[in-house]
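Here is the structure we will look at, set down as structure tokens.
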Amino acid sequence: AQSVTQPDARVTVSEGASLQLRCKYSYSATPYLFWYVQYPRQGLQLLLKYYSGDPVVQGVNSFEAEFSKSNSSFHLQKASVHWSDSAVYFCALSPNSNNRIFFGDGTQLVVKP
Amino acid sequence: DAGVTQTPRHEVAEKGQTIILKCEPVSGHNDLFWYRQTKIQGLELLSYFRSKSLMEDGGAFKDRFKAEMLNSSFSTLKIQPTEPKDSAVYLCASSWTGGNGQLYFGEGSKLTVL
């Protein structure tokens, strides 16, 4: 079985501050890992993905994530957030290359001006 | 290319009614997913189609929820009869078979059951 845990339901940061959103996964092997973002009244959009290789992956809008096999984690980071980053962020995994994805519960990011 | 199109964007139904939500996937995509999104339960998979064949359906949703792919470019989700607990946002997503998990989502259909 596989699962994704996002321990923080809501994170509040000030504009310009750095950000880390946490994600832990459970799976017997190394899965495909993703971060998706959902802006208000929109569907989800892919932010970045990890399949193999360099554990630090770059995504859109200066987001990056770091895969850690030892910690079973895939945390999302950004050096300086903007108010427009306010959204819900979903960590997700797929056991293989097909499109069946298992999502975490999401973290609501609030960026204060 | 057009993205995933979902209609209607908003639907209000009385308890016991039948509602049909529609989805047009990205042209050329052959994987299609229906999800239900609520604050409490998060994202729940309702159905997964590959090349119009049902690959997986959410066990808890079988009795009143039925998704169909009438052709490769159109899918419907029927809820019959509706109950207030069905109030949620219903998201449709599509991808190509080699998509490696890159799903394209529609903006969703928000259903309110009174």
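Chain letters run A, B, ... following the sequence lines, proteins first, then strands; residues in each count from 1. Since we're looking at a predicted model, the values are computed, not measured.
- To the nearest 0.5 Å, atoms CZ (A/F103) and CZ (A/F90) are separated by 8.0 Å.
- Neither the backbone nor the side chain of B/Y104 has a heavy atom closer than 4.5 Å to any heavy atom of chain A.
- Contact check for B/L103 versus B/Y35: side-chain heavy atoms found under the 4.5 Å cut-off.
- Only the side chain of B/L43 comes within less than 4.5 Å of a heavy atom of chain A; its backbone N, CA, C and O stay farther away.
- Comparing B/G42, B/G101, B/G108 by heavy-atom pairs within less than 4.5 Å of chain A, the highest count is held by B/G101.
- Side-chain contact between A/H82 and A/N61 is absent, with no heavy atoms from C-beta onward closer than 4.5 Å.
- The line from CG of A/L109 to CZ of A/R10 is 9.5 Å long, rounded to the nearest 0.5 Å.
- No part of B/E44 comes within reach of chain A, as not one of its non-hydrogen atoms sits under 4.5 angstrom from that chain.
- Rounding to the nearest 0.5 Å places CD of A/Q20 at 9.0 Å from OG of A/S18.
- Of the atoms belonging to A/F102, not a single heavy atom falls under 4.5 Å from chain B.
- Scanning residues 32-49 of chain A against chain B with a 4.5 Å non-hydrogen threshold yields A/Y32, A/F34, A/Y36, A/Q38, A/R41, A/Q42, A/G43, A/L44, A/L46, A/K49, sorted by number.
- Around atom NZ of A/K24, more than 12 heavy atoms belonging to other residues, nucleotides or ligands sit under 6.0 Å away.
- The side-chain heavy atoms of A/V4 and A/F74, taken from C-beta on, include no pair separated by under 4.5 Å.
- Contact annotation: the side chain of B/W34 approaches that of B/Q6 to within less than 4.5 Å [non-hydrogen atoms, C-beta and beyond].
- B/S94 OG to B/F105 CZ: the interatomic distance, rounded to the nearest 0.5 Å, is 9.5 Å.
- Within the 4.5 Å cutoff, the side chain of B/F33 has no heavy atoms near those of the A/I101 side chain.
- Among residues 9-24 of chain B, the residues having any heavy atom closer than 4.5 Å to a heavy atom of chain A are, in sequence order, B/R9.
- For B/N100, the parts sitting under 4.5 Å from any heavy atom of chain A are the backbone and the side chain alike.
- When B/L32, B/N30, B/D31 are each tested for a side-chain contact (heavy atoms from CB on, under 4.5 Å) with B/S51, only one passes: B/N30.
- Note: B/R36 CZ to B/S109 OG = 14.0 Å, rounded to the nearest 0.5 Å.
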